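What follows is a short report on a single structure.
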Protein chains: 2
Amino acid sequence: MPEAPWTIPSIAIAVDLAVFTVMDGMFQIMLVERGVEPYRGLPALPGGFLHDAGESLDAAAARELAEETGLDASRLHWEQLGTYGEPDRDPRQRVVTVCYLAFVVGTATPQAGGDARAASWVPTSTILKGDTQLAFDHRQIIDAAVERARSKLEYTTLAATFCDPEFTVTDLRQVYEIVWDEHLDPRNFHRKVTGVTDFLVPTGRQTVRHGGRPAALFRRGSAHLLHPAMLRPCPPRPASAIQTS
Amino acid sequence: MPEAPWTIPSIAIAVDLAVFTVMDGMFQIMLVERGVEPYRGLPALPGGFLHDAGESLDAAAARELAEETGLDASRLHWEQLGTYGEPDRDPRQRVVTVCYLAFVVGTATPQAGGDARAASWVPTSTILKGDTQLAFDHRQIIDAAVERARSKLEYTTLAATFCDPEFTVTDLRQVYEIVWDEHLDPRNFHRKVTGVTDFLVPTGRQTVRHGGRPAALFRRGSAHLLHPAMLRPCPPRPASAIQTS
DNA sequence: ACAAAAGTGTTTTTCCTACACCCATGG
DNA sequence: CCATGGGTGTAGGAAAAACACTTTTGT
């Protein structure tokens, strides 16, 4: 890294969050409604600026995550997604935002904080397909975040983070089906996930059902990587994996 | 994104590059020798600060990449790797660096620029295994970059970007073997890569050899994604794919 | 008994692995 | 003709896809 021309005008650093859940049969993302200009009233990713000069990026992300979800960030899965810094992405001044991805259980309640008027879960389908206007470049960030989340399910056991502490194989399969928007064969899925060592730990308990055979309940095991991977049905991988230039 | 407390002390934004090549049978990374304090004399990733307030992150990365390699960045593969911003990573002041990954052909010549005293290719093995001291947190960045590069070869056709415009299947296989530090069966590799549509385009020409049957020469085809993926031999995936908090 | 959902078995296909073997060239 | 590397054929196994079938509950 070369010497700094310290004359560069100050650039603000922000941290944004793409927090996902599966709730009500839909793959949902947490969005806030902006309470101030610019983009006042429009949906946006929750996030904020670094609290102080000594706060690390990860610490800021964890703090925001805890604030927005009311959950303990140290017990959630989150990871850096990417950094967005086009010069004109914020009309006020140059802002570079480091975006993080997080997976939380559907029972978490979005909490509006700071400048946000409201926070809520929004189905990703309404963002991806619809023409909802979003603040800043947040549509582009959400596109990347959804694709990252989808591909994470392929080779990690993170789908279980969308489930309650005890869940059935069908619960887990529905997470996959909802996030990928693909139908999976229940029989093959069952064999696959129960065959991965340390993915699912049987609790011995069963569901009580309205009709039909009760399902065994499981907890998350210690495995984090899925091997072999659970591949999405045919459709070729997205362009975001290519990035040539 | 909430309102900014514009009182936050200025944070400098830098762009660093992890530029890889395969040369002399080794997987090498471009490093510069720092010409100024801090870490003067130590190897570091090439990079620099944004040139002006209007320069985008990608533009800065492309500019640095062209400067350091003498190549046309628009014809290379490069992508964002991650952002590093620990408060104490630069002793001078708070610096957040957005790191990019790039793959170039081994004939490219490193060019020292700006604050760097020299630029050169360094085998990744001497960095990963050795205890060479590196500037800033660049060892950590290189670890992540090497792992990203290795996994990229699994599901993309990018290995060919390390080859000359015309190359043999053996050239390509050696790229895989060198980057992964794994032995691959030449026969199965041949069948696999020649079977992927649009990966390799036959030129009709052949190598002239010292001995042995001449090999057919190929160019890169239009395929970017490898399907099905070329999986690395057994060793389980690295911890960097997990990132739980 | 029947519907409904869970879970198992079986077959087919695909793809990876391993390795025998043939091909084309230089000396 | 033989050493050297390029390329093909084939057999076995792991795992995915497709789907018939059995199990276990509520009504």
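What you see is a predicted model; the values in this text were computed from it and never measured. Order of the sequence lines fixes the chain letters, A, B, ..., with proteins taken first and strands second; residue numbering starts at 1 for each chain.
- Here C:dC16 presents its P atom at 13 Å from CG of B:Asp185, a figure rounded to the nearest Å.
- Considering only side-chain N and O atoms, B:His190 lies under 4.0 angstrom from the phosphate OP1 or OP2 of D:dT8.
- Atoms NE2 (A:His183) and P (D:dC19) sit 11 Å apart, rounded to a whole Å.
- In this pair, A:Phe103 and A:His77 present their aromatic rings tilted. The plane angle is within the 30 to 60° band.
- For A:Pro228, whose side chain is taken as the heavy atoms from C-beta onward, the closest listed nucleotide among D:dA16, C:dG7, D:dA18 is D:dA16.
- Within the structure, every side-chain polar atom (N or O) of B:Thr170 is placed at least 4.0 Å from both OP1 and OP2 of D:dG5.
- For the pair A:Gln206 CD and D:dG26 C1', the computed distance is 14 Å after rounding to whole Å.
- Aromatic ring pairs are classed by plane angle as parallel below 30°, tilted from 30° to 60° and perpendicular above 60°; the pair A:Trp180 and A:Tyr176 is perpendicular.
- If you take CZ of A:Phe189 and P of D:dA15, they are 17 Å apart, rounded to a whole angstrom.
- Within the structure, a side-chain polar atom (N or O) of B:Lys192 is placed less than 4.0 Å from OP1 or OP2 of C:dC16.
- On a pure distance criterion of 3.5 Å, no polar donor-acceptor pair joins the side chain of B:Arg209 and the base of C:dT25.
- No donor-acceptor distance shorter than 3.5 angstrom exists from the side chain of A:Arg148 to the backbone of A:Leu101, with no hydrogens or angles considered.
- For the pair B:Thr157 (side chain) and B:Phe199 (backbone), a donor-acceptor distance under 3.5 Å is absent.
- Among the protein residues, A:Thr194 comes within range of no part of the nucleic acid, since none of its heavy atoms lies under 4.0 Å from any strand.
- Each end of the helix from C:dA1-D:dT27 to C:dG27-D:dC1 gets its own rotation axis from five pairs of C1' atoms, and the angle between them is 20° to the nearest 10 degrees.
- Judged purely by atom type and a 3.5 angstrom limit, B:Thr124 has no side-chain atom pairing as donor or acceptor with the backbone of B:Ile29.
- Checked by distance alone, A:Arg213 brings no side-chain donor or acceptor within 3.5 Å of a matching partner on the base of C:dA5.
- The base of D:dG9 sits within donor-acceptor range of the side chain of B:Arg191, with an N or O pair under 3.5 Å.
- In this structure, A:Leu184 places its CG atom 9 Å from P of D:dA17, rounding to the nearest Å.
- When each of B:Asn188 and B:Arg173 is assigned the nucleotide of DNA chain D bearing its nearest heavy atom, the one mapping closer to the 5' terminus is B:Arg173.
- The CG atom of A:Leu172 sits 13 Å away from the P atom of C:dA6 (whole-angstrom rounding).
- Between the CZ atom of A:Arg187 and the C1' atom of D:dA17 there is a distance of 10 Å, rounded to whole Å.
- In this structure, the CG atom of A:Leu217 is 15 Å from the C1' atom of C:dG7, given to the nearest Å.
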- For A:Met30 and A:Leu17, run side chain to side chain contact (heavy atoms under 4.5 Å, CB included): C-alpha distance rounded to whole Å, both residues' side-chain angles, the deciding distance at 0.1 Å, then the answer. CA-CA 8 Å; A:Met30 186 182 292; A:Leu17 299 177; over 6 Å; no
- Query: Between B:Arg232 and B:Glu182, is a salt bridge (charged side-chain N to carboxylate O under 4.0 Å, His left out) present by the stated rule, with each step listed?
  - Reply: CA-CA 8 Å; B:Arg232 276 180 270 186; B:Glu182 298 274 0; over 6 Å; no
